[in-house]
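Read through the structure below, which is laid out as C-alpha cells, and then see the notes.
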Amino acid sequence: MAQSNKPVAFITGGSRGIGFGCAKQLATLGFDIAINGMRDESDIAEPIEALKALGANVLYCQGDIGSAQARDSMLAKIKGHYGKLNVLVNNAGVAPKERKDILEASEESFDYVVGTNVKGPYFLSQAVANWMIQQKSKDINGGFYTIINVGSISATVASVNRGEYCIAKSGIAMMTTLFAARLGEYDIPVYEIRPGVTKTDMTSGVTDKYDALIEDGLCVTKRWGFPEDIGKAVGSLAEGNFSYSTGQVIMVDGGLTLPRL
Ligand SMILES: NC(=O)c1ccc[n+]([C@@H]2O[C@H](COP(=O)([O-])OP(=O)(O)OC[C@H]3O[C@@H](n4cnc5c(N)ncnc54)[C@H](OP(=O)(O)O)[C@@H]3O)[C@@H](O)[C@H]2O)c1
C-alpha cells in the first residue's frame, strides 16, 4: 500500500479532456490521484507522467464504468493501493456515436449512453458512498469526503439530435439531489458541476458549429470553456470550500444558460 498522508481523489475518465483538467488541479492542490478510463495504461503514459510531475502518486484503473464487474475491480484496486478515498469525481461520459433525431435514434444508442453516463456513475456512487461512510465511522482519516458529478447544460437545454445524452444528464441532476439528501447525515456533500460547451475530444467534431455560435453570442463570456475551468471549480469543492452547499449545481458554462433578452 502507498504510504502517503495526502487525501485521495478518484476521477473517472481522468486521462484526457475535462477529467484530466480536474486531475491536474487536484494533483496541484495536494491530492493523490486515481484515474479511470477505457484505454490501456500504455496509451496514457503522458498524462500519468504529467500528474506525477505535479507531485501526486497516480494509480490507473482501466475499465468500463458501465460494467459492475469493472467498477468492483477499480475500487478494489484503489483500496489495495491507497486504502482510502476522499473525493470521487464522476466525470467519464460519452456522446451518442452518431447524433440522430429523437424521431429516429435507436434503443441501442439510448442503452449505451444512459448505461455509461448515468447507470455507471449511479452505482459507482453507491459503492463509494458506502465506503466513505465506513471510513468516516472509523474516523480513519478525519478528513473531508465528497462526491462531485460532472453533468451538463444538456440537463436543461434540449438538443433534439441527442436526446439520450440530455436524458442521461438530467438523470445526473437527480442523482446529485438523491445522494446529497441521503449522505447529509454523514456530512458527505454531493455536488454537480454543469459545464457548457467545452473544448475536448468530445466536441472536436462540432468545432466549426460552436465557433460560429460563440461568435454570435451563445455564451456571455465569449469563448469556449476549457477543462481547466471545470478543474478549478472541482478543486474548490474538493478542498471543502463549499461544505454547507450540498446538492448544489455549479454552472461552468460562460453564462450560456443565463436568461437574456
Ligand atoms: N466537452 C463538453 O463540451 C462537455 C460539456 C458538458 C459536459 N461534458 C461532460 O464532461 C465529461 C467529460 O467529457 P469530455 O468532453 O472531457 O470527454 P472526452 O474528451 O471524450 O473524454 C471522455 C473520458 O471518459 C472516458 N470514458 C468514456 N467512456 C468510458 C467508460 N465507459 N468507462 C470509463 N471511462 C470512459 C474516456 O476514457 P479513454 O480516454 O480511456 O477513452 C475519457 O477519458 C462527460 O461526462 C461529458 O458528458 C462535456
Side-chain angles (χ1 to χ4, degrees), residues 10-25 33-48 51 60-75 88-97 99 111-124 148-157 159 162 164-173 175-176 192-207 209-211 213-214 218-219 223-231 233-234 249-254 256-257:
F10 178 34
I11 305 104
T12 65
S15 66
R16 64 190 166 108
I18 289 173
F20 186 51
C22 297
K24 278 191 296 187
Q25 182 68 12
I33 302 293
I35 53 175
N36 142 271
M38 293 290 281
R39 288 178 290 169
D40 281 339
E41 187 157 0
S42 56
D43 293 331
I44 60 158
E46 207 178 303
I48 288 181
L51 293 173
Y60 185 58
C61 307
Q62 187 193 13
D64 178 355
I65 210 74
S67 144
Q69 203 186 354
R71 288 192 299 272
D72 285 350
S73 69
M74 286 167 211
L75 290 187
L88 168 64
V89 183
N90 278 310
N91 162 78
V94 291
K97 286 177 183 155
R99 290 188 175 205
D111 288 344
Y112 165 66
V113 173
V114 171
T116 308
N117 291 7
V118 186
K119 190 189 81 171
Y122 184 84
F123 286 103
L124 183 64
I148 302 165
N149 301 316
V150 178
S152 167
I153 53 163
S154 299
T156 61
V157 179
S159 297
R162 49 188 183 117
E164 60 276 64
Y165 184 82
C166 297
I167 285 174
K169 291 302 183 180
S170 65
I172 287 289
M175 183 181 119
T176 303
E192 178 188 340
I193 294 275
R194 196 172 283 181
V197 178
T198 311
K199 199 90 172 171
T200 68
D201 293 340
M202 189 180 274
T203 46
S204 60
V206 284
T207 302
K209 172 185 164 178
Y210 285 119
D211 278 348
L213 287 171
I214 291 167
L218 177 72
C219 307
R223 65 165 174 85
W224 283 75
F226 296 110
E228 292 69 24
D229 294 312
I230 292 104
V234 164
V249 178
I250 288 91
M251 305 301 301
V252 189
D253 69 347
L256 187 152
T257 51

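We're numbering straight along the sequence, starting at 1. Atoms within each ligand, like the ligands themselves, are counted from 1 in listed order. Heavy-atom basis, side chains included; hydrogens, waters and symmetry copies ignored.
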Intermediate values then yes/no, side-chain contact (heavy atoms from CB on, under 4.5 Å), R194 and I172: CA-CA 10 Å; R194 196 172 283 181; I172 287 289; over 6 Å; no

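Counting protein heavy atoms only, atom 8 (N) of ligand 1 is closest to Y165 OH, 3.6 Å. Among protein heavy atoms, atom 32 (N) of ligand 1 sits closest to I65 N, 2.9 Å. For atom 39 (O) of ligand 1, the nearest non-hydrogen atom of the protein is R16 NE, 2.7 Å. Nearest non-hydrogen protein atom to atom 3 (O) of ligand 1 is T198 N, 2.9 Å. For atom 7 (C) of ligand 1, the closest non-hydrogen atom of the protein is G151 O, 3.1 Å.
Residue Y60 has no nitrogen or oxygen atom sitting less than 3.5 Å from a nitrogen or oxygen atom of ligand 1, judged on distance alone.
Close contacts of ligand 1 with D64, meaning ligand atoms under 4.0 Å from a residue heavy atom, involve 30 (C), 31 (N), 32 (N). Heavy-atom proximity to V94, at under 4.0 Å, picks out these atoms of ligand 1: 27 (C), 28 (N). The T203 neighbourhood of ligand 1 comprises atoms 1 (N), 2 (C), 3 (O), with distances under 4.0 Å to a heavy atom of that residue. Close contacts of ligand 1 with G37, meaning ligand atoms under 4.0 Å from a residue heavy atom, involve 34 (N), 37 (O), 40 (O). Applying the 4.0 Å criterion to heavy atoms of G63 picks out, from ligand 1, the atoms 32 (N), 33 (C). For ligand 1 and D201, the ligand atoms under 4.0 Å from any heavy atom of the residue are 19 (O).
Under the side chain to side chain donor-acceptor pair (under 3.5 Å) criterion, S170 pairs with no residue, sequence neighbours left out.
Of the options D229, I250, V252, I148, a side-chain contact (heavy atoms from CB on, under 4.5 Å) to V234 is made by I148 and by none of the others. Considering D211, T200, T207, T198 as possible partners of W224, the one that fulfils the side chain to side chain donor-acceptor pair (under 3.5 Å) test is D211.
Listed for the N117 side chain is a donor-acceptor partner under 3.5 Å among the backbone atoms of V94.
Considering only non-hydrogen atoms, atom 45 (O) of ligand 1 lies nearest to N91 out of N91, V113, V150, T200. Taking only non-hydrogen atoms, the option from A92, G93, P47, G13 nearest to atom 22 (C) of ligand 1 is G93.
Under 4.0 Å from ligand 1, not a single heavy atom of N117 appears. With a heavy-atom cut-off of 4.0 Å, K199 does not touch ligand 1 at all. Heavy atoms of I18 found under 4.0 angstrom from ligand 1 belong to the backbone as well as the side chain.
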